[in-house]
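This chain uses plain numbering: 1 for the first residue, then up along the sequence.
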Amino acid sequence: MAYRALYRTWRPARFADVVGQDSITKVLSGEIETGKIAHAYLFSGPRGTGKTSLAKIFARAVNCRNRQGAEACGECDACRATVDEGSVDIVEIDAASNNGVDNIRDIRDRVNLLPAFCKYKVYIIDEVHMLSKGAFNALLKTLEEPPAHVIFILATTEPHKLPATILSRCQRFDFQRISASAIQGRLAEVAGAEGFTFEDGALKAIARAAEGGMRDALSILDQCAAFGDITAANVTAALGSGDMRLLYALADHIASYDEKNALLSLRALLDAGADTRALIKDLADIFRRMMWLAAGADAEEDDEMLKTLAEKYGKSSCIRALNILIQKEYEMRQNLRADIVLETAVMALMAPEDDLTAGALSRIEKLEARLRTLEERPAVAVSAPLTQNSAPIATAKPKARVAPKAAPSAASGIPDKEADMIWKKALGVLKESAGYICTYAQQAESVVCEGDKFEIKFGGDADMAADLLKSPKAQETIAQVLTKEAGRPLSIKVIVAHKSTQTDEGPDISEMFGVENIEIIGRD
């Protein structure tokens with residue numbers, strides 16, 4: 001007998017066998033038990049989550065002659081015919097290959113025929129979003145008022161492509177991605193029944209790789225079984241992903257901003273045969289779990305190493321890393337040299353100063369436009385008020401600006417030169433222990449220590465860096481390093497330089513000349 005794939009062998013046959021869709025199975029079971037069965041259903045959701053399987057279970061249950069509650073008996077003629085997929089009263093149509101008007105017209109002509117030996121004639125239309133516009137129009141009237149013996153079940157992965165007129169005539173059920181823990185439990189059940197020797201860690205890796213789809217998980221299990229026992233090493237080889245120890249080492253180097261060793265770890269993974277697309281997905285999964293841990297949420301597992309990395313790298317950096325990896329994964333599909341795309345992704349994760357988001361670019365463009373406007377604008381003529389002892393002045397020249405001198409340190413503070421030395425030493429320590437904080441801290445223009453407060457001053461163009469250092473975590477980290485270097489308890493204060501007021505009409509002349517020297521000249 002030909003080998004039967006695991007996902008076909010273990011296709012759910014009862015409502016109780018469906019994993020991860022409890023709310024949907026409960027509603028459908030209730031409708032069967034009460035006899036309140038609708039004429040049209042829409043099952044939508046990601047692939048491999050049980051849409052078609054549940055449609056067949058529902059069709060079998062409504063036609064069972066000896067039903068026990070909501071479950072089909074599996075022994076009557078109707079059940080045996082549907083189990084063997086030989087019932088003429090349960091029609092499954094693939095809309096991807098039967099999407100024309102003529103195909104739907106054929107259904108419309110047949111719906112008036114009574115079932116051969118079942119109570120209901122059930123039409124299961126899979127991938128219904130593939131139907132043409134004309135086919136949807138042909139289906140519409142039949143779907144709205146079908147004969148009493150007909151039930152339509154539409155299944156799709158893209159419900160947004162269905163016309164609103166179709167959606168409004170169906171009971172809609174949205175299938176969710178199945179949790180990794182639920183998939184792992186089902187895999188353990190299947191592996192035990194098939195006589196496979198397996199490791200829990202290997203099943204956990206398969207469950208993650210399945211991305212919420214039970215069918216994909218069973219297919220991967222089938223693939224891994226060809227290697228022998230279901231071990232972590234065999235799963236890695238089957239999926240083309242990297243050794244988790246090397247992946248964690250790579251994540252550690254990225255979190256430490258160690259560019260050299262990060263590239264060497266990446267090369268080791270690629271030399272070991274890891275697939276580039278699998279690697280970027282594995283990296284994204286690691287930073288996703290780090291983001292959860294950094295935010296204080298419970299991850300899928302308690303991983304002490306990831307907790308340490310999350311604290312070192314920071315929540316905002318994890319979010320930035322995920323955005324980069326998502327973008328690079330898309331670029332990888334369009335590029336023949338996927339390894340180069342992956343290398344640039346790893347380097348980008350360690351270069352936050354080069355990360356110019358759309359918002360930052362927009363602000364830069366506006367500032368550049370403002371500067372060009374000021375350069376092209378002629379000098380502003382200002383009339384000063386006349387007094388008895390002053391001669392009239394035709395044009396007032398702007399006073400030269402004098403850079404403010406640093407305020408002298410308080411008696412209990414630290415001299416400015418010594419504060420600068422302490423700051424430079426602190427930056428060196430931060431570069432090794434918290435590189436992402438150092439990246440922004442080194443943008444400070446000056447530092448001053450007044451009493452026990454260490455003031456870190458930023459220019460107006462470094463307000464983003466200042467905002468990051470104002471976070472409690474960053475302030476606590478910097479204060480600990482400064483306290484250690486200074487040998488005394490210190491707290492920090494982040495200051496952003498005052499920005500002179502600018503308008504679209506030009507520079508702030510009140511600041512340039514002084515309010516008392518400005519006379520507003522009206523126009524006739």
Between Glu92 and Lys56, is a salt bridge (charged side-chain N to carboxylate O under 4.0 Å, His left out) present by the stated rule, with each step listed?
CA-CA 9 Å; Glu92 186 174 357; Lys56 292 181 178 181; 3.3 Å; yes

How far apart are the C-alpha atoms of Tyr123 and Ile90, what are their side-chain angles, what is the distance that settles it, and do they pass the side-chain contact (heavy atoms from CB on, under 4.5 Å) test?
CA-CA 6 Å; Tyr123 287 92; Ile90 298 178; over 6 Å; no

Apply side-chain contact (heavy atoms from CB on, under 4.5 Å) to Ile437 and Leu469, showing your working.
CA-CA 7 Å; Ile437 294 179; Leu469 294 193; 3.9 Å; yes

Worked check of side-chain contact (heavy atoms from CB on, under 4.5 Å) between Arg320 and Tyr313
CA-CA 11 Å; Arg320 186 180 64 85; Tyr313 202 55; 3.6 Å; yes

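For residues 166-183, every residue pair satisfying the salt bridge (Lys or Arg N to Asp or Glu O under 4.0 Å) rule, not counting sequence neighbours, is listed here: Glu144-Arg169, Arg172-Asp174. Under the salt bridge (Lys or Arg N to Asp or Glu O under 4.0 Å) criterion, the residue pairs touching residues 105-114 are Asp102-Arg105, Asp106-Arg110, with sequence neighbours excluded. Note on residues 41-52: pairs passing salt bridge (Lys or Arg N to Asp or Glu O under 4.0 Å), not counting sequence neighbours, are Arg47-Asp216. Within the structure, no pair that satisfies the salt bridge (Lys or Arg N to Asp or Glu O under 4.0 Å) test touches residues 111-130, not counting sequence neighbours. Listed by first and then second residue, the ring pair (Phe, Tyr, Trp, His ring centres under 6.0 Å) pairs involving residues 7-27 amount to none (not counting sequence neighbours).
Atom OG of Ser53 and atom CZ of Arg8 lie 12.0 Å apart (nearest 0.5 Å). Distance CG/Leu154 to CG/Leu143: 6.0 Å, rounded to 0.5 Å.
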If you look only at distance, which donor and acceptor atoms sit under 3.5 Å apart when one is on a side chain in residues 338-352 and the other is two or more places apart or in another chain?
from, atom 1, to, atom 2, distance (Å)
Asp339, OD1, Arg337, NE, 3.0
Asp339, OD2, Arg337, NH2, 2.9
Thr344, OG1, Ile340, O, 3.3
Thr344, OG1, Val341, O, 2.7

Expected list for residues 221-234: side-chain donor-acceptor pairs under 3.5 angstrom, two or more places apart:
from, atom 1, to, atom 2, distance (Å)
Asp222, OD1, Tyr3, OH, 2.7
Asp222, OD2, Tyr3, OH, 3.4
Asp222, OD2, Leu6, N, 3.1
Gln223, NE2, Ala238, O, 3.2
Thr231, OG1, Asn234, N, 3.3
Thr231, OG1, Asn234, ND2, 3.3
Asn234, ND2, Asp229, O, 2.6

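At least one donor-acceptor pair closer than 3.5 Å links the side chain of Tyr41 to the backbone N or O of Ala38. Here the side chain of His39 pairs no donor or acceptor atom with the backbone of Ala148 at under 3.5 angstrom. Under the 3.5 Å distance criterion, the side-chain polar atoms of His149 are matched with a main-chain donor or acceptor of Val111. Judged by distance alone, with hydrogens and angles left aside, the side-chain atoms of Ser132 form a donor-acceptor pair with the main-chain N or O of Asn99 at under 3.5 Å. Arg277 places a side-chain N or O within donor-acceptor distance of the main-chain N or O of Met332, the cut-off being under 3.5 Å. Side chain of Glu71 to main chain of Ala16: a donor-acceptor pair is present (N/O by atom type, distance under 3.5 Å, no hydrogens or angles). Counting only distance, with no hydrogens or angles, the side chain of Ser168 and the backbone of Thr165 share a donor-acceptor pair below 3.5 Å. Within the 3.5 Å criterion, the main-chain N or O of Ala59 finds a donor-acceptor partner in the side chain of Asn63. A donor-acceptor pair under 3.5 Å is absent between the side-chain atoms of Ser29 and the main chain of Lys26, judged by distance alone. Side chain of Thr34 to backbone of Gly30: a donor-acceptor contact under 3.5 angstrom is found.
Ser256 places a side-chain heavy atom less than 4.5 Å from the side chain of Lys312. Two residues are said to be in side-chain contact when any heavy atoms from C-beta on lie closer than 4.5 Å; Ile57 and Pro12 meet this criterion. A heavy-atom distance below 4.5 Å is not found between the side chains of Leu309 and Glu311. Side chains of Leu218 and Leu187 form a contact here, defined as non-hydrogen atoms less than 4.5 Å apart.
Between Phe43 and Phe173, the ring planes lie perpendicular to each other; the angle is over 60°, past the 30° to 60° tilted range.
Applying the salt bridge (Lys or Arg N to Asp or Glu O under 4.0 Å) criterion to Lys161, with sequence neighbours excluded, gives Glu158. Taking the salt bridge (Lys or Arg N to Asp or Glu O under 4.0 Å) definition, one finds that Lys328 meets it with Glu331, sequence neighbours left out. Residues satisfying the salt bridge (Lys or Arg N to Asp or Glu O under 4.0 Å) test with Arg215, not counting sequence neighbours, are none. By the side-chain contact (heavy atoms from CB on, under 4.5 Å) test, Ala479 pairs with Ile492, sequence neighbours left out. Under the rule for a salt bridge (Lys or Arg N to Asp or Glu O under 4.0 Å), Asp94 has no partner lying at least two apart in sequence or in another chain.
Within 6.0 Å of atom CZ in Arg267, 12 or fewer heavy atoms from other residues, nucleotides or ligands are found, so the atom counts as exposed in its surroundings. The 12-atom threshold is not exceeded at CD of Gln68, counting heavy atoms of other residues, nucleotides or ligands nearer than 6.0 Å.
We find that Asp200 and Lys204 are not joined by a salt bridge, their nearest charged nitrogen and carboxylate oxygen being 4.0 Å or further apart.
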